[in-house]
Amino acid sequence: MTRMVDRPADLPDYEDPPVVEVAISVQFKPIREFRQGHLGLFWSAIRADYPTTQDHPRVEGGIQTLDEPEQGPAFQIELLDSPPSNRAWFVSADDSLLVQVQDDRFIHNWRHSGGPYPRFETLLNIFWQRFDTFREVLDASGLPAPQPRQAEVTYVNWIGTEDLATFFRPATTARVDVEGVGPLPLAQTWTALYPVMRGNVDTARLNVDCRPARQLDGSGGTSGHRLSLTYRAPVSEELRADISGFLILGRDAIVRTFTDLTTPAMHEQWRRKA
């Protein structure tokens, strides 16, 4: 089922954004009867658009809780009647689109491969097309429909030429005035966890991570910074029908927070339109 969404008119927008990857995912209760053969059936259904397949280790990780960070993550034990499946990758011919599937997680990625960023609205529509196909395969195989537990959106940005203080506003708070010590550190790693509200209700968490990195290329790699923003919303049973609402809220929170954390000078370089 196609789910078209409109971009909010007041959402910041850039003609040349530094985003290099966007991932949209739903995590669900493990499907106990899920087997490697079901991955093959799914690939048969999407192979025309994703002709390459790869096997990868599973992604492990618990559901985001809304407790205070110092309380620590929640752990759950799942009793399975068979070994869990690995994670399968299905990759488009131009390497820009990627579907990742395992028995408790469905992820769709866009990766920069030379073309322009296609925008979140397009990617969300593609995500639902592939997820609906996945559910059709499960239904045809007599397996239960996924029971979502978490909605997640991640944006990864690559800033390769500027020092951190030039593009990342919080970096300037590390400035010191000490004789014999440079005013700014040679390198910084910055992380933060923000609450995300829906109306007056605390519904999700937004993790921001900015750190020095190296981007591999044919010449051996270039240095820069990787700025990633990940939104995770636990989804209760009564809210499963509103997964799109959570994902759209996540995109909005990410784009607005990215804009607030970065500098006006870089907004001009990225050609901000709104």
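Being a predicted model, the structure only gives us computed values, none of them experimental.
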Salt-bridged, [X] to [Y], with N to O below 4.0 Å?
X: K29; Y: D103; answer: no
X: R205; Y: D202; answer: yes
X: R211; Y: D209; answer: yes
X: R111; Y: D94; answer: no

Output the distance between atom [atom1] ([X]) and atom [atom2] ([Y]), rounded to the nearest 0.5 Å.
X: R214; Y: H225; atom1: CZ; atom2: NE2; value: 13.0 Å
X: N157; Y: S228; atom1: CG; atom2: OG; value: 8.5 Å
X: L11; Y: I254; atom1: CG; atom2: CD1; value: 11.0 Å
X: L98; Y: R130; atom1: CG; atom2: CZ; value: 12.0 Å
X: L164; Y: L184; atom1: CG; atom2: CG; value: 9.0 Å
X: D242; Y: L247; atom1: CG; atom2: CG; value: 9.5 Å

Return the minimal non-hydrogen interatomic distance between [X] and [Y], and the atom names on each side.
X: M197; Y: N200; value: CE-O, 3.6 Å
X: T172; Y: A165; value: CG2-O, 4.0 Å
X: R135; Y: W128; value: NH2-CZ3, 4.2 Å
X: R251; Y: P8; value: NH2-CD, 3.3 Å
X: R149; Y: P30; value: NH1-CD, 4.1 Å
X: Q188; Y: A171; value: NE2-O, 3.2 Å

### Query
Does the gap between the ring centers of W89 and Y50 come in under 6.0 Å?
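No: the rings miss the under 6.0 Å criterion.
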### Message
Using the side chain to side chain contact (heavy atoms under 4.5 Å, CB included) definition, which of the options T53, L97, T52 pairs with V91?
### Response
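Exactly one option meets the side chain to side chain contact (heavy atoms under 4.5 Å, CB included) with V91, and it is T52.
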### Query
So among N125, V153, D252, which one has a side chain to side chain contact (heavy atoms under 4.5 Å, CB included) with F120?
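Considering N125, V153, D252, a side chain to side chain contact (heavy atoms under 4.5 Å, CB included) with F120 is found only for V153.
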What pairs of donor and acceptor atoms, side-chain ones from residues 17-28 against any protein atom, are under 3.5 angstrom apart with sequence neighbours left out?
unit_1, atom_1, unit_2, atom_2, d
E21, OE2, N109, ND2, 2.9
Q27, OE1, R105, NH1, 3.3
Q27, NE2, G61, O, 3.2

### Task
State, without any angle test, whether T259 and Y14 hold a side-chain donor-acceptor pair at a distance under 3.5 Å.
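Short answer, yes.
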### Query
Looking only at side chains, do H56 and Q54 share a donor and an acceptor under 3.5 Å apart?
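The answer is yes; a qualifying pair exists.
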### Full working for side chain to side chain contact (heavy atoms under 4.5 Å, CB included) between L227 and I159
CA-CA 8 Å; L227 172 57; I159 298 95; 4.2 Å; yes
Does [X] reach the main-chain N or O of [Y] with its side chain, forming a donor-acceptor pair under 3.5 Å?
X: T203; Y: V196; answer: yes
X: R272; Y: A274; answer: yes
X: S96; Y: S92; answer: no
X: E15; Y: R271; answer: no
X: Q215; Y: S223; answer: no
X: D55; Y: A88; answer: no

### Query
Which is it for E136 and L41 under the side chain to side chain contact (heavy atoms under 4.5 Å, CB included) test, yes or no, and what are the steps along the way?
CA-CA 10 Å; E136 290 169 2; L41 293 174; over 6 Å; no
### Stepwise side chain to side chain contact (heavy atoms under 4.5 Å, CB included) check, R7 with D13
CA-CA 10 Å; R7 183 181 181 88; D13 195 12; 3.5 Å; yes
### Matching residue for D104 among R87, R32, R58 - test: salt bridge (charged side-chain N to carboxylate O under 4.0 Å, His left out)
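Answer after filtering R87, R32, R58: R58.
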### Geometric cation-pi criterion, R232 with F246: 6.0 Å, 45°
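That pair does not qualify as a cation-pi contact.
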### Query
With respect to F258, which candidate in W270, F168, Y231, F167 satisfies the ring-ring contact (aromatic ring centres under 6.0 Å, His included) definition?
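Exactly one option meets the ring-ring contact (aromatic ring centres under 6.0 Å, His included) with F258, and it is W270.
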### Query
For T230 and L206, what are the C-alpha separation, side-chain angles and deciding distance, and is it a side chain to side chain contact (heavy atoms under 4.5 Å, CB included)?
CA-CA 6 Å; T230 298; L206 176 61; 5.8 Å; no
### Task
Would you list the pairs meeting salt bridge (charged side-chain N to carboxylate O under 4.0 Å, His left out) in which at least one residue belongs to residues 167-181, sequence neighbours left out?
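Only R169-D260 qualify under salt bridge (charged side-chain N to carboxylate O under 4.0 Å, His left out).
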### Message
Going by side-chain contact (heavy atoms from CB on, under 4.5 Å), name the residues that satisfy it together with P51, two or more places apart in sequence or in a different chain.
### Response
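Result, side-chain contact (heavy atoms from CB on, under 4.5 Å) vs P51: A93.
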### Task
On the 0 to 90° scale, with breaks at 30° and 60°, tag the F106-F134 ring pair as parallel, tilted or perpendicular.
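It falls in the tilted class, 30° to 60°.
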